[in-house]
Structure formats: C-alpha cells, structure tokens
There are 2 protein chains.
Amino acid sequence: MGELADAATVADRVFDSLCDAIVSGKIAAGSKISEPELAKRFDVSRASLREAIGRLEACNLVNRRPRVGARVVELSLHELLEIYRVREALEGMAARLAAEFMSDKELNDLKALLEDELQLDSGNSNHDFHYAIVQGSQNRRLSHLLCDDLYHLMRMYRYQLGRDSGRASTASKEHGLILDALQDRDGEMAELLMRRHIRKSRAYIEKMIMPRSQGD
Amino acid sequence: MGELADAATVADRVFDSLCDAIVSGKIAAGSKISEPELAKRFDVSRASLREAIGRLEACNLVNRRPRVGARVVELSLHELLEIYRVREALEGMAARLAAEFMSDKELNDLKALLEDELQLDSGNSNHDFHYAIVQGSQNRRLSHLLCDDLYHLMRMYRYQLGRDSGRASTASKEHGLILDALQDRDGEMAELLMRRHIRKSRAYIEKMIMPRSQGD
DNA sequence: TCAATCTAGATTGTCGACAATTACCCATCT
DNA sequence: AGATGGGTAATTGTCGACAATCTAGATTGA
C-alpha cells in the first residue's frame with residue numbers, strides 16, 4: 001500500500017502527492033485546484049496534472065465543473081453519515097463472504113493482530129482489521145469500491161475530524177466478536193455483528209459531533 | 001437519462017458515444033482502444049479522447065495499463081456474480097432507507113408503474129423499479145455507486161448476455177412484495193425482500209448460464 | 001451609497017508535435 | 001521447425017501554445 005513508492009508515470013506521481021496533500025489537509029477542503037499553479041509547483045505540464053485531477057475526481061476527492069475548475073470536496077457531517085450507511089451494507093456483506101472464504105491461517109493472523117491491538121493499545125489497527133476482512137471476501141468489485149472509491153475519502157474525514165478514540169476499547173471488543181463469528185464460519189452472524197459495529201460507530205459520530213451541525 | 005443530449009465539453013460528447021458503443025457491444029469486449037484511430041473517427045484531438053478514456057476507466061468499462069493502452073473490459077460470469085453480491089448489499093440498504101424517506105406520492109407512482117408493467121408485460125420497467133428505490137434512499141453516495149460506478153457495467157452485461165426473461169413474471173411478484181413493505185414503512189422487511197430478490201436473480205444466472213462456464 | 005455594466009486578466013478546454021517505450025515482423029541460430 | 005534476437009513502425013505519455021470562457025475589479029449610472 002506504499003503509494004509514493006513507484007510511479008509508473010508522471011501523472012501517477014502527481015496524483016499520489018495531491019491525494020496525500022488533500023487527505024492530510026495540506027490542501028484545505030473547499031479550496032480551488034489551480035492548474036497553472038500546481039503545474040509550476042510540481043514542474044510538470046498541465047496535461048499530466050489534468051490527468052491526475054481526473055483521477056482525484058474518480059476518488060471523490062475533488063468536484064469539477066466544466067469551464068470553472070476543480071475544488072477539493074467539502075466534508076459535511078451529512079455525507080459522512082451517508083458513507084457509514086454504505087460501509088454498513090458493503091462491509092456487512094464482506095464479513096459474510098469472509099466467513100466463507102478466509103483461510104484458517106488468515107483468521108489466525110487476524111486474531112494475532114487483535115491481540116496485539118489490545119496489548120499495544122494502538123487504535124490505528126482498527127483500519128487493518130476492516131481491510132483484512134474486505135480482502136478476505138475475495139470479491140474484487142467489493143474491495144474495489146471500498147478500497148479505491150471510498151478509502152481516501154474516509155481517510156480524509158479521519159484526518160479532518162480527528163480520531164474517534166472514545167470508542168476504541170468497545171470497538172476492539174466488537175472486533176473480537178466478529179472474529180469469533182468468522183472462525184465459527186457463521187457468515188450470517190458475522191454480517192450481523194459487522195453491521196451493528198459500523199452502525200454503532202455511526203451513532204457515536206452522530207451524537208458526538210452532530211451538535212455543532214455544519215452543512216446540510 | 002438521455003446521455004447523448006447535451007455535452008458541455010467535447011470530451012463529454014466523446015465519452016457518451018464511446019460509453020454507448022462499448023455497452024451495446026459495437027466495440028467488442030476485450031478489444032483495444034486505439035487513440036489515434038478513435039481521434040480520427042470522432043475528429044477530435046487525442047487530449048479530449050484521453051479525457052474520455054479516463055472516465056471510461058472510472059466507470060469500469062475499460063482497463064488501462066501504462067505505456068500499453070486501454071482495452072474494453074472482458075465480461076466474465078464470475079465478475080457478474082460478484083456484482084450481484086454488491087447489488088444485494090447496496091440495494092438492500094437502499095430499500096431500507098427508501099421505506100423511511102420515500103413520500104407517499106412516490107410510492108403510489110411506483111405502484112402505478114408496477115401495474116403498468118403487469119398489464120403491458122414490458123419487462124424493461126424492471127430497471128426503473130430498482131432505480132426509483134435507489135433514488136428514494138436519499139443517499140447520494142449510495143446512488144452514486146449504483147448509478148455511476150456500476151450502472152453502465154450492468155447494462156453492458158444485459159446487452160451481452162441477453163435478457164433474463166425467464167424470471168420476468170416471478171420478479172414482478174417480488175417487486176410487488178417489496179413495494180408492500182415500503183408502503184408499510186417496514187424498512188427491515190423491505191431490505192430483506194430486496195436482498196432475497198437480488199439473490200434469486202443471481203442464483204438464476206448461476207444455474208442458467210454457468211454450465212458453459214467461461215473464464216474464471 | 002449601492003447596483004449593474006463593461007473591461008481586463010486569468011484559467012480552462014482543446015489542439016498539434018515530440019520523445020520514449022512498446023508491439024510486431026523478419027532474419028538468424030540451434 | 002521452433003525459439004530467440006534485432007530492427008522498424010506505431011502508440012503512448014508528455015509538453016507548450018492558442019482560443020473561448022469565466023472571474024474579478026473598475027467604471028458608470030441611479
């Protein structure tokens with residue numbers, strides 16, 4: 001997953017840099033993407049830069065209007081809650097399929113990951129857990145939607161709104177229950193628990209950050 | 001939904017034409033996308049054409065390899081079955097949300113649509129039913145994934161593999177049950193029925209066309 | 001003083017051209 | 001004969017330039 005590693009083409013390198021800058025907030029949300037300015041900064045032609053912008057649009061990181069230009073997407077709580085609905089549906093299905101297709105070894109590795117998480121108290125393995133299950137679904141279309149179309153956007157929200165550390169410990173317990181269902185090869189239960197897990201995260205966000213309701 | 005209508009930009013027009021040609025099979029699946037050839041045929045520069053190809057890639061209609069070129073995607077039964085898993089998850093969620101958010105008028109209109117479908121025996125309103133529910137979910141991210149990222153690809157499969165006419169009448173009955181659940185404002189039931197509906201379509205495809213299993 | 005209009009600047013979409021890489025074809029060798 | 005290597009042609013990625021459009025600021029009028 002090392003993105004900045006090898007860039008087969010100039011546009012790839014520019015895309016990686018821009019993607020990282022937008023997700024991390026170095027390029028502010030809502031700000032304009034000036035083609036001449038960025039072309040100078042990266043020392044590339046506008047053609048390569050426009051290619052990169054096109055891919056940013058495909059990742060839902062920028063909005064483009066013809067003859068006007070591209071702007072970094074505005075992050076609204078409303079849209080974040082929408083994304084959680086999609087995640088609930090998609091990752092729930094992923095869990096169901098993972099119960100069928102993940103190997104015993106993969107499940108044991110995942111169990112080790114969870115135990116490390118409990119010991120080290122490092123909440124950032126949260127993402128790894130979900131990622132492993134999505135990959136375990138062995139459904140390329142599913143992992144494409146989750147890991148290409150929504151991944152960067154979710155990462156951007158996490159950067160912008162800060163970590164949901166308040167739920168880290170309860171989330172770990174829920175991860176454990178999901179893993180148990182996977183090892184029981186109980187796809188229906190795995191889906192049910194995964195959906196409830198994501199729904200709880202959504203409710204947590206709704207209650208914690210909704211009071212200062214921005215946007216629509 | 002008239003795509004070929006207004007093209008704000010040249011690349012838009014080329015994209016619409018190419019998208020239609022690929023979906024309908026006028027450009028064969030697996031065939032190469034030659035930039036010089038198509039640029040001449042559409043009488044546009046390669047820059048505009050490459051912009052269009054980039055969007056085709058975002059729609060999952062072509063695969064691109066750097067320094068090699070773009071090819072129209074190959075349709076495998078395996079991938080079609082994958083898509084049906086995604087649809088099951090996403091449209092199931094859409095039905096749940098539609099039970100909450102669709103207005104009484106929208107539901108009545110949908111009922112009229114179904115009755116027309118029964119009388120006219122026109123199976124092509126199948127798509128309209130699903131489309132209406134997706135829109136009724138009032139979740140822009142959800143409808144974006146379904147109507148932009150997967151729509152053209154599903155249409156391409158329908159063109160290529162022919163219509164699943166064998167299930168038209170039973171599908172209509174299932175649509176009726178889903179609508180009843182929606183009018184009862186029973187989101188849980190609507191989701192359950194929608195998922196079962198799509199799962200049945202998937203099983204039908206698996207049994208009917210799987211014997212001559214092509215691809216992986 | 002505020003609104004509407006016009007002008008100037010900047011930006012986007014589009015175009016043609018060039019270099020590097022790839023694919024294809026033919027000759028050569030085992 | 002089949003596989004391997006070299007050479008040529010074509011294609012892709014990249015670049016700079018131009019025209020049409022949009023944005024912003026100044027100007028004019030009420």
Side-chain angles (χ1 to χ4, degrees), chain A residues 3-22 26-74 148, chain B residues 3-22 26-74 148:
Chain A
E3 286 185 339
L4 300 171
D6 56 343
T9 177
V10 174
D12 279 326
R13 180 174 57 83
V14 174
F15 167 77
D16 288 339
S17 294
L18 278 179
C19 188
D20 199 61
I22 290 176
K26 284 196 278 282
I27 298 180
S31 62
K32 182 154 172 29
I33 299 287
S34 169
E35 294 184 5
E37 177 193 334
L38 290 177
K40 258 197 308 182
R41 185 187 302 181
F42 286 106
D43 196 43
V44 296
S45 85
R46 273 185 54 228
S48 300
L49 191 110
R50 283 172 63 82
E51 167 82 23
I53 292 178
R55 278 183 238 179
L56 289 177
E57 189 185 22
C59 292
N60 303 300
L61 290 180
V62 304
N63 291 327
R64 249 168 53 164
R65 284 189 307 169
R67 306 278 169 191
V68 174
R71 305 192 81 88
V72 179
V73 290
E74 296 271 9
D148 292 338
Chain B
E3 287 185 337
L4 300 171
D6 55 343
T9 178
V10 174
D12 279 326
R13 178 174 57 83
V14 175
F15 167 77
D16 288 339
S17 295
L18 278 180
C19 187
D20 200 60
I22 289 175
K26 284 196 278 282
I27 299 181
S31 62
K32 183 154 171 29
I33 300 286
S34 169
E35 294 183 5
E37 177 194 334
L38 290 177
K40 258 197 307 183
R41 185 189 302 181
F42 286 106
D43 196 44
V44 297
S45 86
R46 272 185 55 227
S48 300
L49 190 111
R50 282 172 64 81
E51 168 81 22
I53 291 178
R55 276 183 241 179
L56 289 177
E57 189 185 23
C59 293
N60 303 300
L61 290 179
V62 304
N63 290 328
R64 249 170 45 164
R65 283 190 309 169
R67 306 277 169 190
V68 174
R71 304 191 81 89
V72 179
V73 291
E74 297 270 9
D148 292 337

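Convention: sequence-line order gives letters A, B, ...; per-chain numbering from 1.
The CG atom of L38(B) sits 9 Å away from the P atom of dT12(D) (whole-angstrom rounding). E37(B) has its CD atom 9 Å from the P atom of dT11(D), to the nearest Å. We find that CZ of R50(A) is positioned 14 Å from P of dT11(C), with the value rounded to whole Å. Rounding to whole angstrom units, CG of residue L49(B) and C1' of dT12(D) are separated by 12 Å. Rounded to a whole Å, the CD atom of E51(A) is 12 Å from the P atom of dC15(D). K40(A) places its NZ atom 9 Å from the P atom of dT11(C), with the value rounded to the nearest Å.
Contact of the D12(A) side chain with the R55(A) side chain is registered, since non-hydrogen atoms from C-beta on lie closer than 4.5 Å.
When heavy atoms are screened at a 4.0 angstrom cut-off, I33(A) is found touching the sugar-phosphate backbone but no base atom.
Under a cut-off of 6.0 angstrom, the local environment of NZ in K32(A) is crowded, with over 12 non-hydrogen atoms contributed by other residues, nucleotides or ligands.
A side chain to side chain contact (heavy atoms under 4.5 Å, CB included) with V14(B) is found for one member of T9(B), L38(B), D43(B), L49(B) and no other, namely L49(B).
Within a heavy-atom distance below 4.0 Å of DNA chain C, no residue of residues 52-63 of chain B is found.
Distance check: C59(B) SG to L18(B) CG gives 11.5 Å after rounding to the nearest 0.5 Å. Rounded to the nearest 0.5 Å, atoms CD1 (I53(B)) and CZ (R64(B)) are 6.5 Å apart.
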Sugar-phosphate means primed atoms, P, OP1 and OP2; the rest is base. With that split, encode nucleotides 16-24 of chain C 5' to 3' as B, S or - using protein heavy atoms under 4.0 Å. -B----SS-
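Salt-bridge annotation for R46(A) and E37(A): absent, with no side-chain N of the basic residue lying under 4.0 Å from a carboxylate O of the acidic one. Here E51(B) does not pair with R13(B) in a salt bridge; the nearest charged N to carboxylate O distance is not below 4.0 Å.
Side-chain atoms of K32(A) lie closest to dT11(C) of the nucleotides dG13(C), dT11(C), dT12(D).
Contact between the side-chain N/O atoms of S48(B) and the OP1/OP2 oxygens of dG13(C) is not found at any separation under 4.0 Å. Between T9(B) and the phosphate of dT14(C), there is a side-chain N or O to OP1/OP2 separation shorter than 4.0 Å.
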Quick test: give all pairs of protein nitrogen or oxygen and nucleotides 8-10 of chain D nitrogen or oxygen below 3.5 Å, distance rounded to 0.1 Å.
none

